[in-house]
Each structure stands twice: as structure tokens, then as C-alpha cells.
Amino acid sequence: MNVKIKVNNINQKADSGETILSALKRIGINIPTLCNMEDLSPTGACRLCVVEDAITGELITSCSTPVRDKLEILTHSPKVIEARKTIVELLLTNHPENCLYCDKSGNCELQRLAEELNIREKTFYGDKPDYKTDRSSPGIVRDMSKCILCGRCVRICEEVLEISAIDLINRGKKTRIETVFQKGLYYSDCIHCGLCISACPTGAILEKSNLNELINRLGKEDKKKSIFVSSISIAYLAQRNNIRKYEDCRNYIVGALHDAGFDNVYTSAILNDYFTSEACNKIENNLKKDKTTIITDCPAVKKYLRNQDAELFEKLIDIPNPMQLTGDLFNKVIDFENDCMVSTVPCIAHKYEAIRSENTIKGVPKFEFVLTSNELDKMLHALGLSLPYTKKETPDKPSNSDSSSGVFFETKHGITEAIIRELSFRKGIVNKLNRIIEIKTDKDFIEYEFNLGKTKHTVACIYGVNNIKKYRSKILKSKYLFVELRSFEFGCIDGCGQTKTSEKEQQKKIRKIISDFDEKNNNNTAGKNPYIKGIYRLKQSEK
Ligand code: SF4
Ligand code: SF4
Ligand code: FES
């Protein structure tokens with residue numbers, strides 16, 4: 001640290017090039033911010049983070065101003081406090097006052113700032129703009145009357161994803177966030193990943209939910225109801241409720257959902273086992289033709305490729321998505337045309353996937369309700385079924401014999417792990433990813449090397465649609481056995497249908513819960529799942 005600064009009359013040191021905000025954070029001084037977000041470029045748009053230059057009296061934005069030698073600042077002078085208060089008061093001028101009914105209430109940064117700055121009455125009054133709420137996306141609702149124009153959603157979509165589905169349009173009082181042709185998110189390049197929801201400090205962008213409708217239906221005997229619970233939803237609720245073992249949390253959830261009124265409760269890891277087996281069949285075929293197989297089960301990645309990269313989309317292996325795979329496995333226990341089907345997932349993009357034509361029967365989505373992990377949590381609480389105070393039951397057949405790689409499948413490099421294990425198992429080799437040499441660890445592009453019999457193979461995992469763009473020619477020209485594409489570095493663990501408290505800690509905990517389950521499970525590859533074996537035996541006998 002080579003820069004000498006003075007903060008509130010106390011000498012401090014800072015790194016040259018860092019912002020005043022970052023230096024203050026390290027010193028332990030909390031500065032309120034709104035438009036600033038870690039890993040996004042600072043814009044200085046909201047001016048909430050101002051501090052006072054103790055020499056000139058000027059107010060400077062701490063998030064976008066670098067430290068300089070001999071800088072002297074006051075972080076909480078009367079002038080600074082007054083400025084911050086006025087900024088928030090102005091933001092509240094035309095903000096809707098229906099906080100009680102807003103989904104963001106209790107978790108809203110604007111609400112918290114008003115409380116911290118002790119703003120307890122309205123100072124300014126202004127016209128409320130009459131914006132039409134955008135409900136076109138099946139997973140996201142945009143209510144621009146709650147937007148404070150911080151621009152975080154625009155920057156996350158542009159800088160992290162390089163999608164730019166939304167942007168700031170117009171000037172002055174008419175400024176707002178819009179999609180390119182102002183036709184609604186569904187008609188834009190949006191991949192329904194939900195990152196903008198997690199970036200938005202207010203309730204302007206929220207997850208679309210029909211949870212109340214499902215809860216009302218649960219009390220009624222109208223249709224047989226089946227629910228599929230994803231392994232990440234289980235591990236997410238385990239870490240939220242301090243349940244150490246995956247299998248314990250799974251069984252508490254199954255018991256609770258039976259009590260809630262679901263006739264059948266399944267885990268979706270069996271669908272991952274089926275997907276893995278199908279992928280291995282394709283890889284073995286492609287290997288004979290010396291062809292690289294490109295794989296993803298991520299609906300956001302598929303939407304991106306479908307919209308923006310037809311060449312790569314064409315090269316994706318053609319495996320039915322998990323919702324489609326329910327057909328072969330569950331046709332004896334589910335009446336797909338008449339039963340009510342529900343699934344729980346960590347990611348908002350599945351709400352989009354559920355309405356796509358391949359997942360409909362006679363034009364009606366096969367899954368009537370797609371709940372995020374957060375909604376599952378809310379539903380259990382609303383019904384008084386708090387974990388771990390519920391009875392324990394095992395999942396209904398045929399999802400009572402899921403392999404642990406089907407559970408692991410949704411985590412970081414999970415598909416890669418599941419496939420390598422299964423390919424090895426088919427060759428009579430026991431293999432686990434921790435025995436494979438990671439030959440290049442770039443955060444976004446990871447190559448693994450492993451032996452299948454006497455042959456050495458290399459596979460690759462690419463995280464982030466921006467990186468798929470960046471590495472596309474490498475993917476297309478590569479000689480990998482297969483390439484796994486994912487939206488987020490930690491796989492579905494990073495899904496935006498889960499509240500992130502302390503992101504890194506949470507990722508680690510969820511991954512550990514799943515890894516511990518995997519470590520001690522002997523049923524650890526798709527080919528050991530008796531129901532998957534049964535499917536292939538049946539297919540063989542029908543030939
Ligand atoms: S959901 Fe994702 S792709 Fe769509 S606007 Fe938000 S950040 Fe962009
Ligand atoms: S929608 Fe939310 S994140 Fe986007 S500019 Fe408005 S307040 Fe900020
Ligand atoms: S947080 Fe610094 S200007 Fe908005």
C-alpha cells in the first residue's frame with residue numbers, strides 16, 4: 001500500500017489505483033451505495049456514495065474515484081449526510097408506496113437505505129409515471145414504476161453475459177429500462193437467466209410466481225399431483241436449515257410434500273441419470289466418427305445458442321431435456337395429460353423451458369408449475385412444514401434409486417463428472433473426477449484429461465455465455481471427446497432462483513453437502529440405477 005490518505009482526520013494507507021470506496025471498505029467504514037456492484041464497472045450514476053473532500057469541500061463519488069496521495073476525506077460530515085438523505089428522498093418521490101405487497105419487501109435496498117438514513121416521512125412529491133408492467137417472460141416480471149435507474153441490470157446483462165437484452169432509453173424524466181424493440185423480455189435476446197433479478201436493488205425486476213395458485217390447488221382433490229424435486233433445491237434447503245446430510249434433507253422434504261398434498265414426490269436426479277446414459281451413447285457413437293460431442297442441459301445456454309449462434313446450436317447433441325425424459329420413466333405412474341405436474345429447480349430459465357413446445361402436450365405445458373428453490377422454501381413455510389420438523393420419507397418409485405452422480409450432475413462440472421464415470425463404468429473401470437488431471441484451469445474454461453482403457457482423452461467445460469462466445473472457434477475446431485457448456489461457474493448452484501446470502505460460502509456448503517453424499521454412495525453412476533437399466537432392457541426387447 002503506497003498511497004497515504006487521511007480519512008476523518010486519521011492517517012490511512014491505500015493501494016494506488018483502487019477506488020476510495022474500496023479503501024474505505026477495507027478500513028471498515030461502511031458507505032451506502034446503490035448503482036455500484038462488485039465486478040461491474042462503476043458509473044457514478046446515483047451519487048449516494050459521496051464523501052467530502054476535506055480540503056476543497058467538494059462532494060466526490062467514492063465508487064468511481066480512485067485514491068490519490070494526500071487525499072483527505074470526510075465520510076459522514078453534515079454535508080455528506082444531507083446529500084445522501086436528499087438523494088434517497090428524491091428517489092422516493094415517485095416510488096410506489098405499496099411496499100407491504102411487494103415481493104422485495106424486507107430485502108429491498110431502497111427500503112433499507114430509507115431506514116438507515118432515518119427518512120420517516122415524504123419530503124418531495126412528484127407524478128407517478130404510468131408504466132406498463134412487462135409480464136411477457138414466463139420467469140421474470142419487470143415493473144418499471146419501481147425502477148430507480150441505477151443501471152445494475154443493464155450492466156450485468158451487458159458486462160457479465162454480453163447479451164444486452166435491456167438498455168437505458170430516453171433522457172431526463174422519460175429515462176427507463178427497455179428491451180431493444182420495447183416488445184417485452186420474452187421477445188428479446190433475454191436468456192431468462194435471472195441475473196438482473198439478483199442485481200436489482202428494488203422490486204423492479206422480480207421472479208414471476210404462481211405459487212399462491214398452487215397452494216390453493218393443494219387443498220383440493222381436483223387432480224393427482226406429482227412433484228419432482230431437484231438435487232440442488234434439496235442441498236440449498238439443507239444449507240438454509242442447517243441439515244448436514246443430503247439424504248436427511250431429501251427425506252424431510254419428501255415427507256413434507258406428501259403432507260402438503262402431493263400424491264407422488266420424486267427427485268429429478270433419475271432424469272439426470274437418464275440424460276447421462278443417453279449422452280454416453282451419443283459420445284460413444286461420435287467417438288467412432290472422431291467427432292467432438294457438445295453437451296448442455298442448461299435452458300439459458302440453449303436459448304442463447306438458439307438465438308445467437310445457430311452453428312454451435314446445430315452441433316449440440318440432440319438429447320431430450322429432463323422434462324421430456326419423464327415420459328419413458330414415469331409413464332406407468334403418471335397420467336401426463338391429466339395429472340398436475342410440478343417441478344422445483346434452482347434456476348429461473350426452467351420456467352421458460354417449461355412453456356417451449358417440446359415440453360407441452362396438446363399445446364399445454366406438461367409441467368403446470370415450475371417452482372424455484374426459493375418458492376419451494378416459501379411454500380413449505382406457508383404450509384407450516386418447516387424443515388427439519390417434518391416426517392422423513394423416501395422418494396416414490398422409480399426415483400428411489402437415483403445414483404449419486406445424478407445428484408452431483410447439477411453442480412460445477414457435474415455433467416462432465418457423470419459422463420466420465422459412466423463411460424468408465426461401461427469399460428469396467430472405476431473412475432472419479434478427483435483422479436483426473438486438470439490440465440488447464442482458467443476460471444471459465446477447464447480442460448480435464450482422463451484415460452478410458454488405454455486411450456487418453458481430453459474434455460472441456462466452459463462456464464458463462466460470454467465465454468461460449470469467446471471460445472466458440474476453439475470449441476468448433478477442438479478434438480475434445482466432449483465439451484460441457486454451462487451458464488454459471490458453479491453450475492445450477494449459482495441459479496438465480498436461490499437467494500444468495502454469502503455467495504462463496506453458500507456455494508461451498510451446497511457443494512459439500514452433495515459431495516459428502518456422493519463420497520459414501522456406492523450407487524455412483526447412471527448405469528447402476530436399476531430403473532435406467534430397465535429402460536434400456538425394455539428398449540432392446542422392443543427392437
Ligand atoms: S434474465 Fe439474464 S439475459 Fe435476461 S435481461 Fe436479465 S440478465 Fe439479461
Ligand atoms: S430495473 Fe432495478 S437494477 Fe435495473 S435500473 Fe431499475 S432499479 Fe436498477
Ligand atoms: S454507488 Fe457510487 S455513484 Fe452510485
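Side chains included, hydrogens not; waters and symmetry mates left out as well; all remaining heavy atoms used. Remember, it's 1-based here, ligands and their atoms both numbered in the order they're listed. Note that the structure is predicted; figures quoted are calculated from it, not measured.
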Would you call the rings of Tyr266 and Phe228 parallel, tilted or perpendicular if under 30° counts as parallel and over 60° as perpendicular?
-> tilted
In terms of atom number and element, which parts of ligand 3 are under 4.0 angstrom from non-hydrogen atoms of Thr33?
-> 1 (S)
Provide, to 0.1 Å, the distance between atom 5 (S) of ligand 2 and the closest protein heavy atom, together with that atom's residue and name.
-> Gly151 N, 3.2 Å
Considering only heavy atoms, does Leu21 approach ligand 3 within less than 4.0 Å through its side chain, its backbone, both, or neither?
-> neither
Counting heavy atoms only, which part of Cys200 comes closer than 4.0 Å to ligand 2: side chain, backbone, both or neither?
-> both
Who's the nearest protein heavy-atom neighbour of atom 3 (S) of ligand 1, and how far?
-> Ile191 N, 3.3 Å
What do we get for Leu149 next to ligand 2 when only non-hydrogen atoms under 4.0 Å count, side chain, backbone, both or neither?
-> backbone
Is Asp189 touching ligand 1 with its side chain, its backbone, both, or neither, if touching means heavy atoms under 4.0 Å apart?
-> neither
Atoms of ligand 3 close to Gly44 [distance to a heavy atom under 4.0 angstrom, numbered from 1] | 3 (S)
Can Arg217 and Glu368 be counted as an ion pair, charged N to O under 4.0 angstrom?
-> yes
Asp143 with Arg135: basic N within carboxylate O range, under 4.0 Å | no
Out of curiosity, Cys347 SG to Ile493 CD1, how far, rounded to the nearest 0.5 Å?
-> 13.0 Å
Can we say Arg68 and Asp53 salt-bridge, meaning some charged N sits less than 4.0 Å from an Asp/Glu carboxylate O?
-> yes
How about Tyr448 and His413: are their ring centroids closer than 6.0 Å?
-> yes
Which ligand 3 atoms, with their elements, are less than 4.0 angstrom from a heavy-atom of Asn36?
-> 1 (S)
Could you list which atoms of ligand 1 come closer than 4.0 Å to a heavy atom of Ile140?
-> 1 (S)
Taking every heavy atom of Asp297 against every heavy atom of Pro299, the minimum-distance pair comes out as O-CD, 3.3 Å
Just which atoms of ligand 2 are under 4.0 Å from any heavy atom in Ala204?
-> 1 (S), 2 (Fe)
Any N/O/S atom, backbone or side chain, of Cys46 lying under 2.8 Å from atom 2 (Fe) of ligand 3?
-> no
A student checking ligand 3 against Cys49 at a 4.0 Å heavy-atom cut-off should list atoms 1 (S), 2 (Fe), 3 (S)
In plain terms, say whether Glu311 and Arg472 are close enough for a salt bridge, that is, a side-chain N and a carboxylate O under 4.0 Å apart.
-> yes
Heavy-atom nearest neighbour in the protein, as seen from atom 8 (Fe) of ligand 2, with distance rounded to 0.1 Å = Cys150 SG, 2.3 Å
May I ask you to list the atoms of ligand 3 that are less than 4.0 angstrom from any heavy atom of Ala45?
-> 3 (S)
Taking side chain as C-beta onward, heavy atoms only, is Ile205 less than 4.5 Å from Arg142?
-> yes
Relative to the ring of Tyr480, is the ring of Phe445 parallel (under 30°), tilted (30 to 60°) or perpendicular (over 60°)?
-> tilted
Identify, by atom number and element, the atoms of ligand 1 in contact range of Cys157, meaning under 4.0 Å from any of its heavy atoms.
-> 3 (S), 5 (S), 7 (S), 8 (Fe)
Examine Cys35 and say whether one of its N/O/S atoms is closer to atom 2 (Fe) of ligand 3 than 2.8 Å.
-> no
Is Arg356 paired with Glu353 through a side-chain N to carboxylate O contact shorter than 4.0 Å?
-> no
How far is atom 6 (Fe) of ligand 1 from its nearest protein heavy atom, and which residue and atom is that?
-> Cys196 SG, 2.3 Å
Taking only heavy atoms of Ile205 into account, list the atoms of ligand 2 that are under 4.0 Å away from them.
-> 1 (S)
Looking at atom 7 (S) of ligand 2, what's its closest protein heavy atom, distance included?
-> Ile148 N, 3.4 Å
What atoms of ligand 3 come within less than 4.0 Å of a heavy atom belonging to Arg47?
-> 3 (S), 4 (Fe)
Thinking salt bridges, do Glu417 and Lys412 make one under a 4.0 Å N-O criterion?
-> no
So for Ser62 against ligand 3, with non-hydrogen atoms under 4.0 Å, the contacting part is neither
Which residue and heavy atom of the protein sit nearest atom 4 (Fe) of ligand 2, plus the separation = Cys153 SG, 2.3 Å
May I ask you to check whether Tyr304 and Phe313 place their ring centers less than 6.0 Å from one another?
-> no
Side chains of Met37 and Pro201 in contact at under 4.5 Å (non-hydrogen atoms) | no
From the options Thr344, Val342, Leu214, Asn374, select the one residue that forms a side chain to side chain contact (heavy atoms under 4.5 Å, CB included) with Met379.
-> Leu214
Per-atom contacts of ligand 2 with Ile177, taking only distances under 4.0 Å to non-hydrogen atoms | 5 (S)
Which residue supplies the protein heavy atom nearest to atom 2 (Fe) of ligand 1, what is that atom called, and how far is it?
-> Cys193 SG, 2.4 Å
What's the shortest distance from atom 1 (S) of ligand 1 to any protein heavy atom, and which residue and atom give it?
-> Gly194 N, 3.2 Å
For Glu52 against Gly57, the heavy-atom pair lying closest together | OE2-CA, 3.7 Å
Considering only heavy atoms of Leu34, which atoms of ligand 3 have at least one such atom less than 4.0 Å away?
-> 1 (S)
Considering the heavy atoms of Cys63, write down every atom of ligand 3 situated less than 4.0 Å from one of them.
-> 1 (S), 2 (Fe), 3 (S)
